[in-house]
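Worksheet: the structure to be examined is printed underneath.
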Amino acid sequence: MHRLADPRRRGPARGAPRHLALARARRPTGARRRAHAPAGGVRRQDRHRGGRVGRDRHGPRALRADRRCGGRAGDPARRGVRPAASVRRGLAREGARRDRAAAALEQPLHHRRGAARLTSRALPRGAGLPIICGGMAEKRYDPREIEPRWQQVWASERTWEVSNDPAGDAGRDGAPGPSAPSSYVLEMLPYPSGEPHIGHLKCYSVGDAIAHFHRRLGRRVLHPMGYDAFGLPAENHAIRTGEHPRDSTAASISSFQRQFHSWGISIDWSRELATHEPSYYRWTQWIFLELFRAGLAYRKEAAVKWCPHDQTVLANEQVDADGRCERCGALVEVRQLEQWFLRITDYAERLLGDLDGIDWPEHVKTMQRNWIGRSEGAEVTFRCEELSIDYPVFTTRPDTLFGATFFVMAPEHPDVLRLAEGTPNEMEVRAYVNKALTETNEERGNAEKPKTGVPLGRTVTNPVNGEQLPMYVADYVLMEYGTGAIMAVPAHDERDFAFAQAFDLPVRQVIAPREAAEAPEGGGAGAAGDGHPPEDGDGGTARAGDAQDGQLPFTADGVLVGSHPDFDGKPNRAALAEIVAWLDREGKGHASVNYRLRDWLVSRQRYWGCPIPIVYCDRCGMVPVPDLELPVRLPEIDDYTPKGRSPLAAAEDWVATACPECGGAARRETDTMDTFVDSSWYFLRYCDASNEAAAWDPAVLREWMPVDQYIGGVEHAILHLMYARFFCKALADLGHLDFQEPFRALFTQGMVTKDGSKMSKSRDNVVSPAAIVERVGSDTARAYILFVGPPDQDADWADEGVEGVHRFLSRLWRLSAETAERAGTPVAEPLAPEHGEGADLALVRKTHWAIDKVSGDLRRFAFNTAIAAVMELLNDCSRLREEVQLETLRFSLATAGSLLFPFAPHVCADTYSLLTGERVWEQPWPEADESMLESDSYELVCQVNGKVRDRVRASADADPGALGALCRAAPNVKAHVDGREIVKEIVVPGKLVNLVVR
RNA sequence: GCGGCGGUGGCGGAACGGUAGACGCGGGGCCCUCAAAAGGCCCUGUCCGCAAGGGCGUGUGGGUUCGACUCCCACCCGCCGCACCA
């Protein structure tokens, strides 16, 4: 229920010395107060101001006790009934809070008396005496005063903290009861490098709006924050400047903390974490070992992507389409190295299938599906008789097996040199392989490039017909996909066709377009051209160099020809399944599914990352560090310069250790983990952030997980989101979690651009959030960024638009403050005449309309239209201010503040408090009165042949016949009908009437 | 090439198949002022018209419908992701 009474409802006048409370509530702040601030107050503030990660935290229990001492014991009954006493108490509390908050503020003392009290807060620091006109002070919206004041309240009261025990928060004001549903609202944790940018502001503005909305819908909301603190930028900075990554990271983290506070984001700071703290990465290491023990983390030598600039290997996902390092842009090389991998491919099928059950944007799901790249087909074995080696190949087109005319292997294929050995082509093959391996992805990975390759001088047997196919090595075949070898069917594959043309190889068509195949013998269907399809047997073989009149390669579906009597004439899709079954029976192949997804390479030869907790012992091999010895701490080193091996190798004392199994001399693993490992489980840790005995307590996780709403940029659509999903599934399989998907719903916010292009230092178009907040306040900045357009789309930053939103907030504050002053005592339930009529009714209706509109818009992330609706409401308040009763105005303005609170919390907390004496965040979300959403008459649109010709007033309960008559009678309708025959009359009650005339 | 998203005033953007352009910016006019800032009021898709009113308008061309920004088909343009994936 909406706490604010609809002014139409009359209640008994509240007695009570509210004015006393008011006087305290309004007591202006002053610099002198700081000196006299109660010790308790100061202590509380200090506890929060630093906010350094890893500081001593006071547990929830201590916190609750603290609060009770303040006489704020629970009052569950408050939600239902609202005795006047509670109003008084609330206001008294407000006064005390303001006193406490005052300590941080600098206000000239002479602003502290009498009629100027509102003004005193409103004037900028250092301004002279307020301008008094007609006994009423001019009011001015001053976010620089308002925002810190409310931030202080939220910080000192730890307003946004939630306990893991559903009963644990029951004592606090506005807190939902123990039976309240929980809600986990999470924005992707920031990477602390430098200062927050405007994209952070957008992301956290979206998340905060959702968090506030959920809270006020009565849910217990978990809304935590942390820092993804390991990573290359901090390390590269260290290489340049010598500053320890820990120091530059700490500086950046405190800058993020400061700004998050100044933005007024409602964060539960008691759960703050940073992934570089031993108390966190201890559990990252534990998870790694769990995966290791389960065989999901393993070492293997492989051709891996190597960044020559960062001197480290990269995950496939960290190499962009041009073959460049995602971080530094250097061209990536391929190296054969032994590295750590996580077996994400084991989860490919589930990662794909489970996408169907989560509420994510379609384009993100699509990206993940593409990335997993599932292909169904068959694995078929080709045998090289000379060397007696079987070569399985994967194909999605086993229906074209009879059209295979050659066989190609990737240059990286381990057998290539062996196959060529002793053949006349040996030297040529060697040269080709060397060249291919040193080429960049960019040079090699271009489909437009002419096909190159070298014959291996060997053949393999096509299992379906025993034919000998010449073998080639060519760089268009990739080692990473399938088996690194393919059967080539030039007639039905564009790449094979191009290769066949370049090497003048046979092309044999085995699938013909349906219509051509069905055409009578010798008929001029022409689709397959002369000589195609072949009559019988293999008459369809031609040289690729022959004229093909553009018919080949033919990659569409059709019917089989020239294959095998059992299959010829059948549609290829049907034949495909039969051929696979036949291969299976004959032991020559079997159905198979292939994925583009590769295992996740997680080791990095860098310093600033989580150490891999493995020890190498000559006797025992790879030995995991025992759980009790975790964390394996990152050692101190002096030289971060990349040398192609991990900088940790230089820390000799650290590397040398005893084998946990045999006690003998052993060496530590010196690689660190990819930072994406750190961020693949942080959302679990928030739930139980101070647990020192385990990464989490599964019972606690049950309370919060999975995340109800996850928010972040699309740039993480593949990497982070895929890895986090993988971790959940793997940890669930190991019995540590009882859910499969970490993020029930996902929202991806668009970029913030300036003048249409991405903000960047080189373009010199960076808008700094700190500067904006300094100039116009965080409410304006946050509301603007949500107002400028749909949050999932890119938004262009325009300073003029910011001014517009600032004007809006100014008007809201000013009108509210004036109204509050005019009305005198703030009342939680503004009283007004029993009924409304005229302007009062209109404004009350508009208010309920706004409640309905904003509620609906919030549910669908349409923040821009939600804010627009409040603007409309305020415009009406402003327009009707002289015509409506004071209580109506108070009701509408308070509601406006209530609805806008999720987007502009400080100013709304302020106006709501001025008008009602209440704290808006403790109020339930308003509910629209259905009966106020429709009026008893409306404007009926009158159309003739679909064109609007007139508008008339219609009564809401008029029946369709009456509406038709009303329309026909409308003057301008008459003019357009003009004696013509009305052939049809469409009546849409509540909307319009359309007359069809001839 | 494949997949996804989008194309509406001078600009950002609104519109369950039912009054296209909410809200904001920008622009114009006026009020307040000695003046300005701030604020307030009015106008603002386009063309014709003194007006009433009318014509034209949501990338293009078709279609469905009493009625289409919205649904269907074909195309053009832009952005994003993937791409020699067998």
Side-chain angles (χ1 to χ4, degrees), chain A residues 138 140 320-321 361-371 373-375 377 393-397 400 408 410 444-449 451 474-478 480-489 492-496 498-499 555 594-598 714-715 717-718 750-751 784 787-790 792-805 807-808 810-811 814 853 856 862 864-875 878-879 939-951 971-972 975-976 983-988 990-997:
Chain A
E138 182 187 323
R140 194 183 171 112
D320 68 18
E362 204 45 54
H363 68 280
V364 175
K365 291 192 191 183
T366 304
M367 280 194 228
Q368 293 221 341
R369 289 189 188 108
N370 288 345
W371 191 262
R374 184 183 196 275
S375 299
V393 301
F394 173 76
T395 176
T396 53
R397 296 294 305 275
T400 64
V408 191
R444 196 180 144 178
N446 181 1
E448 309 300 307
K449 183 185 92 163
K451 295 280 178 283
D475 65 4
Y476 82 93
V477 174
L478 310 174
E480 310 92 87
Y481 188 76
T483 61
I486 61 155
M487 65 162 194
V489 185
H492 304 292
D493 181 280
E494 302 195 358
R495 298 149 302 176
D496 296 345
F499 191 84
T555 54
N594 224 285
Y595 300 93
R596 208 189 76 101
L597 185 70
R598 320 272 155 71
V714 249
E715 65 273 19
I718 295 172
M751 252 186 351
Y784 168 72
F787 174 69
V788 69
D792 56 333
Q793 284 173 30
D794 288 354
D796 201 59
W797 187 275
D799 288 334
E800 298 83 1
V802 177
E803 295 305 322
V805 171
R807 275 198 285 274
F808 160 60
S810 290
R811 273 206 312 280
R814 219 178 325 115
K853 172 80 176 146
N864 54 333
T865 50
I867 294 169
V870 181
M871 286 176 171
E872 282 194 57
L873 174 58
L874 180 66
N875 287 346
S878 180
R879 192 163 45 81
E939 196 168 63
L940 180 74
V941 170
C942 304
Q943 298 183 334
V944 178
N945 285 344
K947 280 185 191 289
V948 180
R949 294 305 182 187
D950 217 334
R951 298 178 172 98
N972 203 40
H976 278 88
V983 292
K984 204 167 178 183
E985 187 175 292
I986 290 98
V987 180
V988 185
K991 290 268 190 216
L992 54 76
V993 174
N994 186 16
L995 304 178
V996 185
V997 303

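Order of the sequence lines fixes the chain letters, A, B, ..., with proteins taken first and strands second; residue numbering starts at 1 for each chain. The basis for the numbers below is simple: all heavy atoms, side chains too, and nothing from hydrogens, waters or symmetry mates.
- One can place CD1 of A:I718 at 17 Å from P of B:rG3, the figure rounded to the nearest angstrom.
- Closest to the side chain of A:T865, out of B:rC84, B:rC66, B:rA14, is B:rA14.
- Straight-line distance from the NZ atom of A:K991 to the P atom of B:rA20: 12 Å, rounded to whole Å.
- Separating the C1' atom of B:rG57 from that of B:rA38 is a span of 39 Å, rounded to the nearest Å.
- For the pair A:S375 and B:rA86, the criterion of a side-chain N or O lying under 4.0 Å from OP1 or OP2 is met.
- Remark: B:rG6 base-pairs with B:rC77; criterion is Watson-Crick or G-U wobble with both hydrogen-bond distances under 3.5 Å.
- Checking B:rG1 for Watson-Crick or G-U wobble geometry (two distances, each under 3.5 Å) identifies B:rC82 as its partner.
- Note on A:H976: only backbone sugar-phosphate atoms sit closer than 4.0 angstrom, heavy atoms only; bases stay farther off.
- You'll find that the side chain of A:T395 is closest to B:rA86, out of B:rA86, B:rC23, B:rC25.
- The interatomic distance linking A:Y595 (OH) with B:rC82 (P) rounds to 21 Å, in whole Å.
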What's the verdict on salt bridge (Lys or Arg N to Asp or Glu O under 4.0 Å) for A:E872 and A:R879, showing C-alpha distance, side-chain angles and the deciding distance?
CA-CA 10 Å; A:E872 282 194 57; A:R879 192 163 45 81; over 6 Å; no

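- Across all strands shown, A:V941 has heavy atoms under 4.0 Å from base atoms, whether or not it also approaches the sugar-phosphate.
- Across B:rC25, B:rC84, B:rU19, the shortest atom-to-atom separation from the side chain of A:V948 is found for B:rU19.
- Shown here, B:rC71 forms a base pair with B:rG63; the pair counts as Watson-Crick or G-U wobble because both key distances fall under 3.5 Å.
- Judged by distance alone, the side chain of A:N945 and the main-chain N or O of A:V997 form a donor-acceptor pair under 3.5 Å.
- Pairing partner, B:rA35: none, since no Watson-Crick or wobble contact has both distances short of 3.5 Å.
- Among the atoms of the strands shown, only primed sugar atoms or phosphate atoms (P, OP1, OP2) are found under 4.0 Å from some heavy atom of A:N972.
- Here B:rG39 presents its P atom at 7 Å from CZ of A:R814, a figure rounded to the nearest Å.
- You'll find that the side chain of A:F787 is closest to B:rG12, out of B:rG12, B:rC66, B:rG13.
- The partner of B:rA52, taking Watson-Crick or G-U wobble pairs whose two distances both stay under 3.5 Å, does not exist in any strand shown.
- In this structure, A:V788 reaches the sugar-phosphate backbone alone: every heavy-atom distance under 4.0 Å involves primed, P, OP1 or OP2 atoms, never a base.
- A:E715 places its CD atom 20 Å from the P atom of B:rC5, with the value rounded to the nearest Å.
- With rounding to whole Å, A:E362 atom CD is found 12 Å from B:rG6 atom P.
- A:N994 comes within contact range of at least one nucleobase, with a heavy-atom separation under 4.0 Å.
- Summary of the strand contacts: A:R811 and A:Y481 both lie near RNA chain B, and taking for each the nucleotide with the nearest heavy atom, the more 5' one is attributed to A:R811.
- More than 90° away from 0 lies the glycosidic angle of B:rG62, which makes this nucleotide anti.
- Residue A:A868 has its side chain nearest to B:rC23 when only B:rA14, B:rC23, B:rC66 are considered.
- A:R949 has its CZ atom 14 Å from the P atom of B:rG67, to the nearest Å.
- Looking at heavy-atom distances under 4.0 Å, A:N594 makes no contact with the nucleic acid at all.
- Among the heavy atoms of the strands, none lies under 4.0 Å from A:R369.
- Toward the 5′ end of RNA chain B lies the nearest nucleotide of A:N370, the other residue of the pair A:D496 and A:N370 mapping further downstream.
- Residue A:D792 contributes atom CG, which lies 13 Å from atom C1' of B:rC80 at whole-angstrom precision.
- Atoms NZ and CG, from A:K451 and A:D475 in turn, are 8.5 Å apart once rounded to the nearest 0.5 Å.
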